[in-house]
Amino acid sequence: MPITVDIDVMLARRKMSVGELADRVGITPANLAVLKNGRAKAVRFTTLAALCEVLQCQPGDLLRWEAEDAADVLRAPERA
């Protein structure tokens with residue numbers, strides 16, 4: 001998937017554990033691990049907002065887009 005999750009980067013910057021972040025955000029450590037490891041299919045805006053509030057960051061600090069490879073980019077339809 002071309003979306004990369006950088007929650008672990010922000011956790012390291014804030015010197016915070018996964019368990020502490022999960023408690024402060026109000027989700028289970030297991031669900032946070034699924035999100036952190038890039039296995040989530042979706043994230044609720046309320047969860048993203050809570051992560052940003054606790055970590056004092058912007059959504060772009062947690063999520064970024066990376067092309068899978070040049071061939072995929074060339075095949076992608078143009079957006080108007």
Side-chain angles (χ1 to χ4, degrees):
M1 175 186 284
I3 301 296
T4 300
V5 181
D6 288 328
I7 291 175
D8 53 346
V9 173
M10 293 306 296
L11 283 171
R13 287 183 182 165
R14 303 298 188 252
K15 296 178 174 57
M16 189 180 297
S17 70
V18 172
E20 180 183 353
L21 180 60
D23 284 343
R24 292 178 63 184
V25 170
I27 61 176
T28 67
N31 284 341
L32 181 57
V34 167
L35 181 59
K36 185 175 85 69
N37 295 322
R39 294 189 317 261
K41 300 289 184 206
V43 61
R44 292 175 190 249
F45 282 161
T46 54
T47 302
L48 184 58
L51 287 166
C52 290
E53 182 177 351
V54 170
L55 293 170
Q56 292 295 291
C57 66
Q58 294 295 313
D61 296 326
L62 302 177
L63 304 172
R64 63 188 155 88
W65 178 84
E66 291 183 347
E68 292 186 65
D69 64 35
D72 287 343
V73 172
L74 294 175
R75 285 192 302 261
E78 289 187 25
R79 296 187 188 243

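Side-chain atoms are counted along with the backbone in the values below, which use heavy atoms only and exclude waters and symmetry mates. Because the structure is a prediction, the values reported are computed rather than measured.
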- request: Taking side-chain contact (heavy atoms from CB on, under 4.5 Å) as the test, write out the residues that go with Pro59, two or more places apart.
  value: Leu48, Cys52
- prompt: Would you say the side chain of Leu32 lies within less than 4.5 Å of the side chain of Leu51, judging by non-hydrogen atoms?
  reply: yes
- request: Just grab all the side chain to side chain donor-acceptor pair (under 3.5 Å) pairs involving residues 26-38, residues at least two apart or on different chains.
  value: Thr28-Asn31
field: Atom CZ of Arg39 with >12 non-hydrogen neighbours under 6.0 angstrom
entry: yes
- request: Report yes or no: do Val9 and Trp65 belong to one cluster of Ile/Leu/Val/Met/Phe/Trp/Tyr joined by side chain heavy-atom distances under 4.5 Å?
  value: no
statement: One should read off an interatomic distance between Ile27 CD1 and Leu35 CG, to the nearest 0.5 angstrom, of 6.5 Å
- prompt: Tell me, which pairs form a salt bridge (Lys or Arg N to Asp or Glu O under 4.0 Å) where one or both residues lie in residues 3-13, sequence neighbours left out?
  reply: Asp6-Arg64
- prompt: Roughly how far apart are Leu62 CG and Ile3 CD1, rounded to 0.5 Å?
  reply: 12.5 Å
message: Quick check: is Val18 connected to Val5 through a chain of hydrophobic side chains (ILVMFWY, heavy atoms under 4.5 Å apart)?
response: yes
task: Please list, chain by chain and in numerical order, all residues satisfying side-chain contact (heavy atoms from CB on, under 4.5 Å) with Val54, sequence neighbours excluded.
output: Met16, Leu21, Arg24, Val25
message: Quick one: does any side-chain atom of Asp23 pair with a main-chain N or O of Glu20 as donor and acceptor, under 3.5 Å?
response: no
